[in-house]
Amino acid sequence: MSSCVQGRCFIMSYRTSMLASQLCFIERDVLIKVGWEELIHCKWTKMDSSGNINTASIQEKRSRTEEQGIEQVIQRFNTVCQWVSSEIVRTRNMNERVKLIEKFIRLAKKCKMYSNYATLVQILLGLQSPAVARLEKTWSKVSTKCQKLLSQLTEFTSPMKNWKNIRDSMTETTRIKIPFGGCIPFLGIYLSDLVFNSEKPRNLPACLDQPLVNFRKHRVIATVIKRVLTFQGLAMRYSFDEDGILLEKCRNLQVLDAAKIRDLSASLE
């Protein structure tokens with residue numbers, strides 16, 4: 001079933017805070033399935049230059065059971081990014097499309113407020129996709145307030161300086177009491193750290209014919225795993241009320257394929 005009814009995206013019928021809370025639950029359910037063994041082996045994927053997690057770069061075939069957690073994180077990440085673009089380009093009326101973009105921007109802000117960094121990044125990447133970004137006439141009608149908010153969120157999630165802003169913010173949430181109880185990390189940053197670290201040598205140049213263990217390499221692995229386990233615990237602390245109907249709508253998102261998204265975008269403007 002399509003996630004739009006008569007051309008209107010379902011998110012327009014719900015309060016932004018309720019949507020954001022249900023998205024926290026879905027990301028929580030995916031995150032807690034990630035096993036520490038998967039993180040140690042680091043054989044699943046890499047991130048592309050735009051920050052998307054690229055499933056095409058799998059380095060080695062492994063059992064579906066072993067990869068299940070990471071694969072679900074990747075799949076959910078890419079699905080939400082594509083869903084945002086899909087909903088915008090299949091909203092044919094310009095005024096409705098403008099309202100939908102503004103709704104997504106407010107939703108991204110609420111996700112940041114709830115420390116759901118995963119959905120925050122997903123929504124922003126969907127809004128910044130080529131098919132959506134090219135809709136200049138549509139964007140010209142987006143309110144100044146929302147435009148400013150989007151710029152602030154984009155700056156916050158910028159990959160510059162190794163994702164410094166969002167990385168520092170996620171680290172800070174592990175040290176303080178979080179207002180809304182829980183936290184969902186943008187796991188892609190830590191997966192990227194592990195992939196980069198995996199390319200470093202296990203041993204350092206020999207000294208007196210004795211190989212030296214590269215303790216820094218193992219320390220990075222241990223630090224990332226400890227942090228992910230901490231976030232899994234934090235993710236369980238959300239105390240929002242569940243809305244079964246909305247939860248299912250947010251979980252079972254219907255997306256268009258990339259070619260269809262491009263075609264619809266081209267037909268709009």
**Q.** Atom of Leu23, atom of Arg76 and distance for their closest heavy-atom approach
**A.** CD2-NH2, 3.6 Å
Q) Quick one: ring-ring contact (aromatic ring centres under 6.0 Å, His included) pairs with a partner in residues 233-269, sequence neighbours left out? A) Tyr114-Phe240, Tyr238-Phe240
Q: Could you list all the ring-ring contact (aromatic ring centres under 6.0 Å, His included) pairs where at least one residue sits in residues 241-265, not counting sequence neighbours?
A: none
Q. Can you find a heavy atom in the side chain of Arg97 that is under 4.5 Å from one in the side chain of Leu268?
A. yes
**Q.** Under 3.5 Å donor-acceptor, Asn116 side chain and Cys183 backbone
**A.** no
(Q) Is there a side-chain contact between Thr79 and Gln75 in this structure, where contact means two heavy atoms from C-beta onward sitting under 4.5 Å apart? (A) yes
Q) Would you say Ile123 and Ile105 make side-chain contact, with heavy atoms under 4.5 Å? A) no
Q: Could you state whether Met160 and Phe196 fall into the same hydrophobic cluster, counting links through intermediate Ile, Leu, Val, Met, Phe, Trp or Tyr residues with side-chain heavy atoms under 4.5 angstrom apart?
A: no
Q) Going by atom types alone, do Ser265 and Arg134 pair a side-chain donor with an acceptor below 3.5 Å? A) yes
Q: Taking the side chain as every heavy atom from C-beta outward, state whether Phe231 and Met170 have any pair of such atoms under 4.5 Å apart.
A: yes
Q: For residues Ile184 and Thr119, determine if any side-chain heavy atom of one lies less than 4.5 Å from a side-chain heavy atom of the other.
A: no
Q. Would you call Ile88 and Leu127 a side-chain contact if the rule is heavy atoms closer than 4.5 Å?
A. yes
Q) Is there a chain of hydrophobic side chains (I, L, V, M, F, W, Y, each step under 4.5 Å between heavy atoms) that links Met94 to Val142? A) yes
Q. Roughly how far, to the nearest 0.5 Å, is CG of Leu100 from CZ of Arg90?
A. 10.0 Å
**Q.** Partners passing salt bridge (charged side-chain N to carboxylate O under 4.0 Å, His left out) against Asp168 (at least two apart in sequence or in another chain)
**A.** Lys164
**Q.** Ser13 versus Arg8, side-chain donor and acceptor atoms under 3.5 Å
**A.** yes
Q | Sequence neighbours excluded - ring-ring contact (aromatic ring centres under 6.0 Å, His included) pairs with any residue from residues 124-162 | A | none
Q | Sub-4.5 Å side-chain heavy-atom contact between Thr91 and Lys99 | A | no
Q: Spell out, yes or no, whether Leu234 and Ile176 are grouped together once hydrophobic residues are joined by side-chain heavy atoms under 4.5 Å, including indirect joins.
A: no
(Q) Go through it in stages, so that I can follow the logic: the residues are Phe186 and Thr157, the test is side chain to side chain contact (heavy atoms under 4.5 Å, CB included), and I'd like the CA-CA distance, side-chain angles, deciding distance and then a yes or no. (A) CA-CA 10 Å; Phe186 170 32; Thr157 58; over 6 Å; no
Q.
Ile11 vs Lys249, test: side chain to side chain contact (heavy atoms under 4.5 Å, CB included). Steps then yes/no.
A. CA-CA 9 Å; Ile11 72 170; Lys249 288 182 178 182; over 6 Å; no
Q) Have Glu27 and Gln122 got a donor and an acceptor in their side chains that come within less than 3.5 Å? A) yes
Q: Treating Ile, Leu, Val, Met, Phe, Trp and Tyr as nodes and any side-chain heavy-atom pair under 4.5 angstrom as an edge, say whether Ile32 and Val30 lie in one connected cluster.
A: no
Q) Can you check side chain to side chain contact (heavy atoms under 4.5 Å, CB included) on Val255 and Glu87, steps first, answer last? A) CA-CA 8 Å; Val255 304; Glu87 296 292 8; over 6 Å; no
Q) Salt bridge between Asp243 and Arg15, side-chain N to carboxylate O under 4.0 Å? A) no
Q. CG of Leu246 to CZ of Arg251: how many Å apart, nearest 0.5 Å?
A. 10.5 Å
**Q.** Nearest heavy-atom neighbours spanning Phe25 and Glu242
**A.** CE1-CG, 3.4 Å
(Q) Holding to side-chain contact (heavy atoms from CB on, under 4.5 Å), I want the full list of residues that pass it with Lys148, two or more places apart in sequence or in another chain. (A) Gln152
Q) Are Arg227 and Asp193 close enough, and set up right, to give a salt bridge (Lys or Arg N to Asp or Glu O under 4.0 Å), and what steps lead you there? A) CA-CA 12 Å; Arg227 189 150 292 170; Asp193 287 346; over 6 Å; no
**Q.** Distance-only donor-acceptor check, side chains Ser129 and Ser85, under 3.5 Å
**A.** yes
Q) Does Met236 share a hydrophobic cluster with Leu247, counting links as ILVMFWY side-chain heavy atoms below 4.5 Å and allowing steps through other members? A) no
Q. Taking the six-membered ring for Trp, are the ring centroids of Trp163 and Tyr117 within less than 6.0 Å of each other?
A. no
Q: Kindly indicate, with the supporting measurements, whether the criterion side chain to side chain contact (heavy atoms under 4.5 Å, CB included) is fulfilled by Ile70 and Leu191.
A: CA-CA 9 Å; Ile70 296 295; Leu191 298 185; 3.9 Å; yes
Q. How would you list, by chain and number, every residue that makes a salt bridge (charged side-chain N to carboxylate O under 4.0 Å, His left out) with Glu136, sequence neighbours excluded?
A. none
